[in-house]
Chemist: 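Quick one: the structure is below, and I'll ask about it shortly.
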Amino acid sequence: DTLFWHGLAISPMSEIKKILVSAGAEDSQVFPAMHKTIMIKNFGEDFIDFDELSKMLAIKITPQLKSELKKIWIDGGNSTILFEDVVPSLHELKKSFKLGLLSNTTSYRMHHLVKKFELEKFFDAILFSFDIGIAKPDKQAFDLIAEKLNVSNSDCVFVGDQLVPDVLGSSNAGMKPILIDRKHKYNSKPKEAIAMINSLNELIELLEKD
């Protein structure tokens, strides 16, 4: 929900969480467990293994359940598109700033999507959690992207759509967080963020002011 949109009526992550909770997983543990298992393992472009995730959540993932989860991932990957403001905004931002992409995600179809949407031409550094074996909000992930960009953490503005992995994670790493709230989920700006925006167009205006 920062650059990509799954293009579906219901978020794949919400569907996956619902299925895992119905299988006995504790609601609050689903995403943290995903960050520690499937998002830090490189399974390749066409495969996802849920065995470690099931162990961490102390649930049994049956062959049928595994099939349902994989279908959600496949459908989500196949339907993914970019938000309309992404390409114009990245074109404009690239003129004045170094750009880095740091994302918690599985290896399924991600490098394919980067090539499909030609994102490499915009970013000076791209790091996926499954490539580095570390997921946000781990400080090391933010340190690594800053290092690849050859800039200090304090000179980085980090834009993300999630409170804990993005805003709190980048703030704890010494960066300046901006929350992008495309779906208007938040009533007010988190205290850790320097700003809250609803589109990347607002980001350009905000940085131009500064």
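We number each residue from 1, following the sequence as shown. All values below were derived from every heavy atom in this structure, side-chain atoms included, with hydrogens, water molecules and symmetry-related copies excluded.
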Chemist: Does K136 offer a backbone N or O that forms a donor-acceptor pair with the side chain of N104 under 3.5 Å?
Modeler: yes

Chemist: Between K66 and D51, does any NZ, NE, NH1 or NH2 come within less than 4.0 Å of an OD or OE carboxylate oxygen?
Modeler: yes

Chemist: In terms of ring plane angle, is the pair H35 and F31 parallel, tilted or perpendicular, where the classes change at 30° and 60°?
Modeler: parallel

Chemist: Would you say F122 ends up clustered with L203 if hydrophobic residues are merged whenever their side chains have heavy atoms under 4.5 Å apart, either directly or through other cluster members?
Modeler: yes

Chemist: Between D1 and K183, does any NZ, NE, NH1 or NH2 come within less than 4.0 Å of an OD or OE carboxylate oxygen?
Modeler: yes

Chemist: Using only atom types and a distance under 3.5 Å, with no angle test, would you say the side chain of S107 pairs donor to acceptor with the backbone of G44?
Modeler: yes

Chemist: Regarding D131 and H111, do their side chains bring together a donor and an acceptor under 3.5 Å, going by distance alone?
Modeler: yes

Chemist: Between S129 (side chain) and T105 (backbone), is there a donor-acceptor pair under 3.5 Å?
Modeler: yes

Chemist: Between L3 and L101, does the side chain to side chain contact (heavy atoms under 4.5 Å, CB included) criterion hold? Intermediate values first, please.
Modeler: CA-CA 10 Å; L3 302 180; L101 174 60; 3.8 Å; yes

Chemist: Atom CD in E92, atom CG in N201: separation rounded to 0.5 Å?
Modeler: 10.0 Å

Chemist: Please evaluate residues D75 and K71 with respect to the criterion salt bridge (charged side-chain N to carboxylate O under 4.0 Å, His left out), reporting the C-alpha separation (whole Å), side-chain torsions for both, the decisive distance (0.1 Å), and the verdict.
Modeler: CA-CA 6 Å; D75 290 345; K71 184 180 185 305; 2.7 Å; yes

Chemist: Could you state whether L57 and I61 fall into the same hydrophobic cluster, counting links through intermediate Ile, Leu, Val, Met, Phe, Trp or Tyr residues with side-chain heavy atoms under 4.5 angstrom apart?
Modeler: yes

Chemist: Report the C-alpha separation of I72 and I19 in whole Å, then their side-chain angles, then the decisive distance to 0.1 Å, and conclude whether the side chain to side chain contact (heavy atoms under 4.5 Å, CB included) test is met.
Modeler: CA-CA 10 Å; I72 293 170; I19 287 175; 3.4 Å; yes

Chemist: Under 30°, 30 to 60°, or over 60°: which ring-plane class applies to F4 and F117, parallel, tilted or perpendicular?
Modeler: tilted

Chemist: How far apart are the C-alpha atoms of D166 and L179, what are their side-chain angles, what is the distance that settles it, and do they pass the side chain to side chain contact (heavy atoms under 4.5 Å, CB included) test?
Modeler: CA-CA 8 Å; D166 296 322; L179 177 66; over 6 Å; no

Chemist: For V159 and T2, which heavy atoms make the closest approach, and how far apart are they?
Modeler: O-CG2, 4.2 Å

Chemist: Measure across K176 and I194 and return the closest heavy-atom pair with its distance rounded to 0.1 Å.
Modeler: CB-CD1, 3.8 Å

Chemist: For residues L149 and L99, report the shortest heavy-atom separation together with the two atoms involved.
Modeler: CD2-O, 3.6 Å

Chemist: Would you give the length of the straight line joining atom CG of L119 to atom CG of L113, rounded to the nearest 0.5 angstrom?
Modeler: 8.5 Å

Chemist: Counting N and O atoms only, with roles assigned by atom type, does the side chain of S170 sit under 3.5 Å from a partner on the main chain of V167, one being a donor and the other an acceptor?
Modeler: yes

Chemist: Under 3.5 Å, is there a donor-acceptor pair between the side chain of S171 and the main chain of L168?
Modeler: no

Chemist: Just by modelled atom types, is the G76 backbone N or O under 3.5 Å from a matching donor or acceptor in the T80 side chain?
Modeler: yes

Chemist: For F43 and T106, what are the C-alpha separation, side-chain angles and deciding distance, and is it a side chain to side chain contact (heavy atoms under 4.5 Å, CB included)?
Modeler: CA-CA 8 Å; F43 302 114; T106 64; 5.8 Å; no

Chemist: To the nearest 0.5 Å, tell me how far D155 CG sits from M175 CE.
Modeler: 10.0 Å

Chemist: Is any side-chain heavy atom of F97 closer than 4.5 Å to one of V157?
Modeler: no

Chemist: Do other residues, nucleotides or ligands put more than 12 heavy atoms under 6.0 Å from the CD atom of E45?
Modeler: yes

Chemist: Can any side-chain N or O of D124 pair as donor or acceptor with the backbone N or O of K98 at less than 3.5 Å?
Modeler: no

Chemist: Give a yes or no on whether a salt bridge exists between D181 and K189, defined as a side-chain N under 4.0 angstrom from a carboxylate O.
Modeler: no

